[in-house]
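Since the structure comes first, as structure tokens, the remarks are kept for the end.
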There are 2 protein chains.
Amino acid sequence: MNVIGMFIRDQRKRAGLTQEEFALRSGLGLRFIRELEQGKQTVRLDKVNQALKMFGHVAGPVPMDGEYRT
Amino acid sequence: MNVIGMFIRDQRKRAGLTQEEFALRSGLGLRFIRELEQGKQTVRLDKVNQALKMFGHVAGPVPMDGEYRT
DNA sequence: TAAATATATACCCGAACGGGTATAATATGA
DNA sequence: TCATATTATACCCGTTCGGGTATATATTTA
């Protein structure tokens, strides 16, 4: 569903972190991490970026339903 | 500064729309459009997506400071 | 199976987003 | 120049995010 939420969940698991550990390390609330990974749409962008930054990413405009390569 | 804000401003001007017109067509508040284009970080993601959608884009994870091609 | 770990759901509540609006500043054009 | 259009700044205020916390559910492991 939500691209960003899936990305965070994937990267987090790939890093072998629990939601709690990731919340701690990123300085975000556990509640927020959960809502983000579950695809909540009305999250705040700065918090999203704070999470993405942990994996060297930021939120940016990407073509709808389109693929993009790094 | 903010990638998304710059993107919206660019696309909007390219489309020959004023902030007011764009706010109307996108169903967003004029206040929000301005804050977004001025790089406000603490905006809500769903509103950002509502704006990006007008130009066929959505917010997604992109490599930090990295280029990406469509 | 049971115990332990991880994730999900529900609540309280302070802080702040964002719509609307009014006014100021800036840009554009005749 | 002056008039108009566009953008920026400031305020009020209802709605809601998100931190923290407690509890329930699900998953993993012995």
Side-chain angles (χ1 to χ4, degrees):
Chain A
M1 300 258 86
N2 187 318
V3 190
I4 294 178
M6 286 176 50
F7 178 83
I8 291 295
R9 170 159 295 192
D10 277 5
Q11 294 292 314
R12 175 179 64 79
K13 290 200 168 175
R14 202 178 304 274
L17 297 173
T18 66
Q19 292 178 337
E20 196 169 12
E21 253 303 301
F22 182 64
L24 270 174
R25 298 198 190 182
S26 64
L28 293 163
L30 178 54
R31 245 267 314 270
F32 174 79
I33 300 299
R34 285 176 179 157
E35 291 178 336
L36 179 61
E37 289 192 0
Q38 285 171 53
K40 186 177 184 180
Q41 301 288 329
T42 61
V43 289
R44 266 174 43 184
L45 184 62
D46 61 328
K47 306 286 181 180
V48 172
N49 279 324
Q50 196 173 338
L52 288 174
K53 192 175 187 180
M54 298 293 291
F55 303 118
H57 285 66
V58 288
V62 305
M64 288 188 72
D65 79 327
E67 300 300 318
Y68 67 96
R69 309 183 297 279
T70 52
Chain B
M1 300 251 84
N2 186 318
V3 191
I4 294 178
M6 287 176 49
F7 178 83
I8 291 295
R9 171 159 295 192
D10 277 7
Q11 294 293 314
R12 175 179 63 80
K13 292 200 167 176
R14 201 178 305 275
L17 297 174
T18 66
Q19 292 177 338
E20 195 170 13
E21 253 303 301
F22 181 65
L24 269 175
R25 298 198 190 182
S26 64
L28 292 163
L30 178 54
R31 244 266 315 271
F32 174 80
I33 300 299
R34 288 178 177 154
E35 292 179 335
L36 179 61
E37 288 192 1
Q38 287 171 51
K40 185 176 185 181
Q41 300 290 329
T42 60
V43 290
R44 264 173 46 183
L45 184 61
D46 61 329
K47 307 285 182 182
V48 173
N49 279 324
Q50 196 173 337
L52 288 174
K53 192 175 186 178
M54 298 292 290
F55 303 117
H57 285 66
V58 288
V62 305
M64 287 187 72
D65 80 331
E67 301 300 318
Y68 67 95
R69 310 182 297 280
T70 53

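Note: hydrogens, waters and symmetry copies are ignored here, and every other heavy atom, side chains too, is used. Per chain, numbering begins at 1; letters A, B, ... match sequence-line order.
Rounded to an integer number of Å, the gap from CD1 of B:Ile33 to C1' of D:dA8 is 15 Å. We find that CZ of B:Phe22 is positioned 16 Å from P of D:dT6, with the value rounded to whole Å. In this structure, the NZ atom of B:Lys40 is 14 Å from the P atom of D:dA8, given to the nearest Å. Between the CD atom of A:Gln41 and the C1' atom of D:dT16 there is a distance of 15 Å, given to the nearest Å. In this structure, A:Leu36 places its CG atom 13 Å from C1' of D:dC17, rounding to the nearest Å. In this entry the distance linking CD of A:Glu20 with P of C:dT7 reads 9 Å, nearest Å. Taking atom CG of residue A:Leu30 and atom P of nucleotide D:dT21, one finds them 11 Å apart after rounding to whole Å.
Looking at heavy atoms from C-beta onward, B:Arg12 lies in side-chain contact with B:Phe55 at the 4.5 angstrom threshold.
Mapping A:Leu45 and A:Arg34 onto DNA chain D by nearest heavy atom places A:Leu45 at the nucleotide closer to the 5' end. Both B:Arg31 and B:Leu17 lie close to DNA chain D; mapped to their nearest nucleotides by heavy-atom distance, the more 5′-ward contact belongs to B:Leu17.
Taking 4.0 angstrom as the limit, A:Lys47 places a side-chain polar atom (N or O) nearer than this to OP1 or OP2 of D:dG19. Between C:dA8 and A:Gln19, a contact under 4.0 Å exists linking OP1 or OP2 to a side-chain N or O. Look at A:Arg12 and you won't find any side-chain N or O under 4.0 angstrom from OP1 or OP2 of C:dA6. Checking the phosphate oxygens (OP1, OP2) of C:dC17, a side-chain nitrogen or oxygen of B:Thr42 falls inside 4.0 Å. Considering only side-chain N and O atoms, B:Arg9 lies under 4.0 angstrom from the phosphate OP1 or OP2 of D:dA8.
Side-chain proximity of A:Leu28 to the nucleotides D:dG19, D:dA8, C:dG18 is greatest for D:dG19.
B:His57 and B:Phe7 have tilted rings, their planes meeting at an angle from 30° to 60° on a 0 to 90° scale.
At distances below 3.5 Å, at least one donor-acceptor pair connects side-chain atoms of B:Asn49 with backbone N or O atoms of B:Ala59. Side chain of A:Gln19 to backbone of A:Leu30: no donor-acceptor contact under 3.5 angstrom is found.
Here B:Asn2 contributes atom CG and B:Glu37 contributes atom CD; the two are 10.5 Å apart, rounded to the nearest 0.5 Å.
For DNA chain D, the stems formed by at least three consecutive Watson-Crick or G-U pairs, with both atom-pair distances below 3.5 Å, span C:1-30 with D:1-30.
Within 4.0 Å of B:Arg44, counting heavy atoms only, lie sugar-phosphate atoms of the nucleic acid but no base atom. Across all strands shown, B:Glu37 has no heavy atoms under 4.0 Å from either base or sugar-phosphate atoms.
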